[in-house]
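Here is the structure we will look at, set down as structure tokens.
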Protein chains: 2
Amino acid sequence: MIDRQHLKIIKAIYTCGSMTEAAASLHLSQSALSHAMKKVETTYKVPVWRKEGRKLVLTQAGRSILGLAERVLPQFEHTESMLHRMAQGKQGILRIGMECHPCFEWLLKVVAPFLKAYPDADVDVRRAFSFGGLQALHGFDIDLLLTPDPLRLDTITYTPVFNYEQVLVMSTSHPLASKSFIQPVDLCSETLITYPVELSRLDVFCQFLTPANCAVKAHKTIETTEIMLQMVAAGRGVTALPKWLIQELDEQSELAFRSLGEPGIHKTLYLGHRKGGDPFGLVDKFIEMALSGLHNDDGE
Amino acid sequence: MIDRQHLKIIKAIYTCGSMTEAAASLHLSQSALSHAMKKVETTYKVPVWRKEGRKLVLTQAGRSILGLAERVLPQFEHTESMLHRMAQGKQGILRIGMECHPCFEWLLKVVAPFLKAYPDADVDVRRAFSFGGLQALHGFDIDLLLTPDPLRLDTITYTPVFNYEQVLVMSTSHPLASKSFIQPVDLCSETLITYPVELSRLDVFCQFLTPANCAVKAHKTIETTEIMLQMVAAGRGVTALPKWLIQELDEQSELAFRSLGEPGIHKTLYLGHRKGGDPFGLVDKFIEMALSGLHNDDGE
DNA sequence: CATGATTTATGAATTTATTTCATCAATAAA
DNA sequence: TTTATTGATGAAATAAATTCATAAATCATG
């Protein structure tokens, strides 16, 4: 029977590149690993490793076991860490994932009161997912997903938690600041600064420029919101961000913002979570708190 | 350290309702289970079971372990069965899931030549998913998903494999059979027979009746296509099915079909699969075969 | 409430599995 | 060829799981 230990060993050999190293990393003798591998190979009558010179290479069978290990081991570890927390009388860790850059600023405002209200609960916020936020939610890597596009799935429930308007941001002295709202053609001669993500996830493109068949003069990407805004204030380009974010960060009022199109681009942030199976009820508590502190930036 | 065996034991006690029964089902002594549970409880310093009378009830901690077990154990079992097949020199099992009832008939036509071409590969077709087809694909319960709605996810690739037209089916003597195509209002006085699935998954409603703000006189559901068609032939109602399916099943030509709306409702079936990690390459082979035998029922 | 049937818990013994130790064989570099 | 380095192997030691026998608790029943 394949055991958790076997998975750990196969994974360690694979990542370390050799049995000797893997043995050290697992605090076991090299012999132990060799015996363990031999046991798997004899019980299933399938080689797991093939020797090429003195490198060990996974066989097809080995690769399927490694796949199992990579899917399954993190889940063991997470459950164990939950158990440890329970033993200490603490509540769980709420792992929140985010799919949109400026979500983070909003999240901070909910996380702070949540941590205060539930001192025995921890929050962990993750921004990067190897396989996308939904997968992470799904594969139990996170418990809550903050996202602007609630992809309907049977097992996942979304709750709208925040409405906001996405506006074009420019320096107060920028010519476009004199307009009452922005039209797609207005951006043809501008430098647009965005976060470094796929274009398909940027609303300025998908909902504004592309439908109007317009393009910008230049497109730069910047990671951090603060730097982005400094660039914009310095007249080096324009960007599109949630209105509330600008109102909050632009203390010296160096920035102006205008709606994208006459109606403006209106967005909703959703919190997605798996249906059922929330040991501490933390997910529900967080959503409740997010809703109670609900503030709309959407002029409603 | 929580082990696969611990998970099996917790799951067995939970499903059997008692340790004694669980012990029998696992071919172990009751004492073994008791000791195993005690070990988990002492290493994590958390109770897993609470005794209510002489029933065992899972604690919060127990429920998280059970959750882990239910997510993880099937994956162990599947990997093991793959290993057994590899040992026999066989190729894997291709587990295909379906999300639309009439897909099955189409699938049969691809599966037959596939099994002939790859005699060492097995195919398993599943129709019911506890958490939806995508979840099943994702959670490694199936390898291939045949679906009419390709929900875009980063980890899943869709290949269109079949175009068809969804038509309204009626008995040849039915008054609607005299029309050249069906309009939504035509159905207001009809009994509509469908498969027993959510309305949101039925195109007659979503793409035809609801947009036109029309309703049918009555709505009946029937599981099997054959019975459905007999009901229709007997003049007991009308139904909506792929055109090719009718052409194939209606040998005595008791049935007539007409397009839903002048353009008709045109659908595409997609085969979805996880990116990467297909130990035998069976997924690719199947898709290739599905495409090579590609027949369009869409008049193109 | 006493009795018997049934269920879980426990300590000691037993069996099974894992790990180490010492050593060999194979590989790659010097 | 010599010399590290790496994996493989059998025997011994250690650790873990399992059983056995039995106790304690629960529940139904006369």
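The shown structure was predicted, so the numbers you read here are calculated from the model rather than taken from an experiment.
- In the interface, the side chain of His35(B) is paired with the base of dT19(D) through a donor and an acceptor atom under 3.5 Å apart.
- If you check every strand for non-hydrogen atoms under 4.0 Å, Thr20(A) touches sugar and phosphate atoms only.
- The residue from Asp143(B), Val161(B), Leu271(B) that alone fulfils the side-chain contact (heavy atoms from CB on, under 4.5 Å) condition with Phe286(B) is Leu271(B).
- Salt bridge status for Glu80(B) with Arg4(B): present, with a side-chain N to carboxylate O gap under 4.0 Å.
- Residue Ile13(B) is the one, among Ile13(B) and Arg54(A), whose nearest nucleotide of DNA chain C lies closer to the 5' end (criterion: closest heavy atom).
- Heavy atoms of Gln5(A) sit under 4.0 angstrom from primed sugar atoms or phosphate atoms, though from no base atom.
- Between the C1' atom of dC21(C) and the CG atom of Leu28(A) lies a distance of 14 Å, rounded to the nearest Å.
- When heavy atoms are screened at a 4.0 angstrom cut-off, Ser18(A) is found touching the sugar-phosphate backbone but no base atom.
- Rounded to an integer number of Å, the gap from His6(A) NE2 to dA17(C) P is 11 Å.
- Gln30(B) has its CD atom 5 Å from the C1' atom of dT8(C), to the nearest Å.
- Classified by interplanar angle (parallel below 30°, tilted 30° to 60°, perpendicular above 60°), the ring pair Tyr270(A)/Tyr158(A) is perpendicular.
- Atoms CD (Glu21(B)) and P (dT7(C)) sit 8 Å apart, rounded to a whole Å.
- When rounded to the nearest whole Å, the span between NZ of Lys8(B) and C1' of dA17(D) equals 14 Å.
- Residue contacts shown for Leu33(A) are absent, as no nucleic acid heavy atom lies under 4.0 Å away.
- With rounding to whole Å, Glu52(B) atom CD is found 18 Å from dA25(D) atom P.
- For dT10(C), its base sits under 3.5 Å from the side chain of Ser31(B) at one donor and acceptor pair at least.
- Considering CZ of Arg95(B) and CG of Leu145(B), their distance stands at 12.5 Å, rounded to 0.5 Å.
- For Asp3(A) and Lys51(B), each mapped to the nucleotide of DNA chain C holding its nearest heavy atom, the one lying further toward the 5' end belongs to Lys51(B).
- Using a 30° and 60° split on the angle between ring planes, Tyr44(A) and His84(B) fall in the tilted class, from 30° to 60°.
- Separating the NZ atom of Lys38(A) from the C1' atom of dA25(C) is a distance of 14 Å, rounded to the nearest angstrom.
- Whole-Å rounding puts the Glu41(A) CD to dG7(D) C1' distance at 12 Å.
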